[in-house]
Participant: 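First the structure, which I've put down as structure tokens, then a few questions once you've had a look.
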Amino acid sequence: MSQSIEVRPLTQRIGAEIHGVDLTRPLSAAQVAQIAQALTDHLVVFFRDQPLERAAQMRLGEYFGELIRHPGAPGLPDYPLVVA
């Protein structure tokens, strides 16, 4: 199984779509590094057609650092760190 993802730039200056990763499953260190690099290179990344449950959404965020409560927006009742 390949751990490589595909990054498709959306414009010359900002944004990219990321393909070849299933965010409903835990990611490898290589995948996290590739996503982090795409975010650094393109500033904004999009994952199309990823049916994320709240736990998977939180897991994705935790790959990039400690999650904190948003000071200006209430979180969800069962997931206070997730703003809908």
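Keep in mind it's a predicted model, so treat the numbers as computed, not measured. Positions are given from 1, in the same order as the sequence printed here.
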Participant: Taking only residues two or more places apart in sequence, or in another chain, which ones meet Glu62 in a side chain to side chain donor-acceptor pair (under 3.5 Å)?
Facilitator: none
Participant: Could you measure the distance from the CG atom of Leu23 to the CD1 atom of Ile18? Nearest 0.5 Å is fine.
Facilitator: 8.5 Å
Participant: How long is the straight-line distance from CZ of Arg54 back to CZ of Arg59, given to the nearest 0.5 Å?
Facilitator: 14.0 Å
Participant: Return a table of donor-acceptor pairs under 3.5 angstrom between the side chains of residues 70-84 and protein atoms on other chains or two or more places apart.
Facilitator:
residue : atom : partner : partner atom : Å
His70   : ND1  : Gly72   : N            : 2.9
His70   : ND1  : Ala73   : N            : 3.1

Participant: Test of understanding: with side chain to side chain donor-acceptor pair (under 3.5 Å), list the residues that count as partners of Arg48, not counting sequence neighbours.
Facilitator: Glu17
Participant: Should Leu52 and Tyr63 be counted in the same cluster of Ile, Leu, Val, Met, Phe, Trp and Tyr side chains packed under 4.5 Å apart?
Facilitator: yes
Participant: For Gln50 and Phe47, indicate whether the former's side chain and the latter's backbone hold a donor-acceptor pair under 3.5 Å.
Facilitator: no
Participant: Are Leu43 and Phe46 connected in the hydrophobic side-chain network, where two residues link if heavy atoms are under 4.5 Å apart?
Facilitator: yes
Participant: Looking at Val7 and Ala38, what are the two nearest heavy atoms and their distance?
Facilitator: CG2-CB, 3.8 Å
Participant: Give me the atom names and distance for the closest heavy-atom approach of Ala56 to Thr24.
Facilitator: CB-CA, 4.4 Å
Participant: From Leu39 CG over to Gln34 CD, what is the distance, rounded to the nearest 0.5 angstrom?
Facilitator: 13.5 Å
Participant: With the side chain counted from C-beta on, respond yes when Ile5 and His19 share a heavy-atom pair under 4.5 Å apart, and no when they do not.
Facilitator: no
Participant: Leu27 versus Leu60: any side-chain heavy-atom pair under 4.5 Å?
Facilitator: yes
